[in-house]
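What follows is a set of notes on a single structure, which appears directly below.
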Amino acid sequence: MADTLLPELEKEGLMDLFRDVEMPLLSVLLDMEMTGVTLDDGHLTRFSAALQSQLEVLQADIQRLAGSPFNVDSPKQLGDILFEHLGITAKVKKTKTGQYPTSEAVLSKLKDAHPIVGKVLEYRKLKKLRSTYVEPLPALVNPSTGRVHTTYMQVVAATGRLSSKDPNLQNIPIRTEQGREIRKAFIPSGPNRTLLAADYSQVELRIAAAMSQEQGLIQAFQAGEDIHAATAAKVFGVPVEEVTRDQRSQAKAVNFGILYGQGAFGLAETLGIPRKEAKQIIDAYHAQFSGLQAFTKACVDRAREEGRATTLLGRRRPLPDIQSNNAVVRSFAERNAVNTPIQGSAADIIKLAMIKVHKALEGMDSQLIMQVHDELVVDVAKEELETVTRLVTQSMEDALKLEVPLVVDAQHGATWLEAH
DNA sequence: AATTTCACG
DNA sequence: ACGTACGTGAAATTA
């Protein structure tokens with residue numbers, strides 16, 4: 001096996017990435033998985049009961065409003081209730097199996113059409129939390145360690161990111177009030193210990209700035225400016241001090257959208273504005289940051305030439321569809337051609353950081369326990385907190401030298417939630 | 001096994 | 001005319 005594959009890595013120029021990143025990372029991941037994460041399952045048990053009673057009330061309300069006791073968890077039955085029995089009219093295209101779509105995106109727009117819609121949204125939100133996190137997590141606690149031990153997958157994500165399964169620790173809720181209750185269940189491994197969470201600030205946008213050599217972005221990052229406000233100032237042609245909240249949040253959406261190849265249609269959807277306005281914003285963005293526009297074009301051109309996208313460390317993603325005659329298929333590959341170098345380079349960087357952090361923690365009483373794409377979580381002995389914070393922050397910020405600084409925010413607390 | 005939905009970065 | 005922002009994993013239903 002090695003006899004055939006090693007020469008192939010050599011021939012393809014992937015030996016350094018293999019030897020210096022993926023192989024050393026393997027033992028880091030093994031340590032993280034073996035160490036595991038401590039859960040406060042009493043907290044989860046209490047929260048589960050609270051969710052259950054809310055869900056029962058919501059289910060009864062929904063069935064009363066529907067006029068019949070259908071299965072609220074069934075998208076098919078829900079669609080029939082909403083769009084036939086209750087006569088809600090929506091100009092939406094059906095799913096590929098001919099059902100009415102009932103996704104959050106669809107239902108949110110129908111909130112005013114019928115009181116049942118809001119109830120369904122709330123039911124779905126709580127049901128998700130209970131069935132995906134609150135109920136399964138305690139069952140995954142290993143009886144001999146008393147902790148959950150995820151498995152990090154090194155080779156499933158096309159961009160070079162890690163993935164996490166059984167349980168997936170990379171999609172633990174945080175965006176909603178009740179979701180945050182679940183984060184509170186992630187706690188340090190013992191008394192006199194704390195959780196340190198260190199995350200990269202806008203790492204993908206910084207990478208895009210460095211890779212594109214877009215001077216406007218580079219200078220803003222070098223000056224340590226509020227990047228979304230600085231973007232808004234340029235896009236809307238106003239002084240930074242006069243940027244409104246709305247303008248900043250629109251600029252933030254564009255900054256994100258650009259990295260993924262979002263168009264006017266998608267931006268209009270995200271911001272809830274007319275497509276014409278979205279187009280004006282994107283045009284102004286491109287005019288102000290022409291280096292970024294040139295970069296995205298160069299990504300597509302290069303992928304068309306080489307048949308693949310490449311990250312800062314030489315990781316590759318084949319993109320055969322970039323040659324497709326089907327515009328939908330080809331456009332998808334073109335967005336991958338732009339996004340993969342960025343997302344994949346961010347993965348490269350945090351992998352380098354993890355190897356550094358792991359090495360630096362050798363012999364100490366603190367362990368790396370989680371990676372969530374742009375964040376590392378460390379279970380820290382309190383007496384080591386200052387040292388570990390400094391060491392983790394520096395390892396991450398110095399993981400790779402770019403023309404823009406990499407900035408890390410590090411906080412600690414008695415739960416994963418408090419560490420943010 | 002495939003589909004739909006939704007949690008995260 | 002078409003579809004429309006990238007990358008994952010898990011649960012429940014549908015077929």
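In what follows, chains are A, B, ... by sequence order, proteins preceding strands, each numbered from 1. These figures come from a predicted structure and were not determined experimentally.
- Within a heavy-atom distance below 4.0 Å of DNA chain B, no residue of residues 392-420 of chain A is found.
- Proximity of residues 115-128 of chain A to DNA chain B (heavy atom under 4.0 angstrom from any strand atom) is restricted to A/Arg124, A/Lys125, A/Lys128.
- Within residues 155-182 of chain A, the residues having any heavy atom under 4.0 Å from DNA chain B are, by residue number, A/Arg161, A/Gln170, A/Asn171, A/Ile172, A/Pro173, A/Ile174, A/Arg175.
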> For DNA chain C, what string of dots and brackets results from 5' to 3' when Watson-Crick and G-U pairs need both distances under 3.5 Å, crossing pairs get [ ], and pairs with another strand get |?
Replying inline: .....|||||||||.
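- The stretch residues 329-346 of chain A touches DNA chain B through A/Gln343, each having a heavy atom within less than 4.0 Å of the strand.
- Residues satisfying the ring pair (Phe, Tyr, Trp, His ring centres under 6.0 Å) test with A/Tyr133, not counting sequence neighbours, are none.
- Extent of DNA chain B lying under 4.0 Å from chain A heavy atoms, first and last nucleotide in 5' to 3' order, is B/dT3 to B/dG9.
- Counting non-hydrogen atoms of other residues, nucleotides and ligands closer than 6.0 Å to NZ of A/Lys119 gives a total of 12 or fewer.
- With a heavy-atom cut-off of 4.0 Å to chain A, the contacted part of DNA chain C has its first and last nucleotide at C/dG3 to C/dA15.
- One C1' atom belongs to B/dA2, the other to C/dA5, and the distance between them is 24 Å to the nearest Å.
- In this structure, A/Gln99 reaches the sugar-phosphate backbone alone: every heavy-atom distance under 4.0 Å involves primed, P, OP1 or OP2 atoms, never a base.
- Each side chain to side chain donor-acceptor pair (under 3.5 Å) pair with one or both residues in residues 323-332 of chain A, not counting sequence neighbours, would appear here, but there are none.
- Among residues two or more places apart in sequence or in another chain, the salt bridge (Lys or Arg N to Asp or Glu O under 4.0 Å) test is passed with A/Asp166 by none.
- The stretch residues 309-325 of chain A has no heavy atom under 4.0 angstrom from DNA chain B at all.
- Among pairs with a residue in residues 26-40 of chain A, those fulfilling side chain to side chain donor-acceptor pair (under 3.5 Å) read A/Asp31-A/His358, at least two apart in sequence or across chains.
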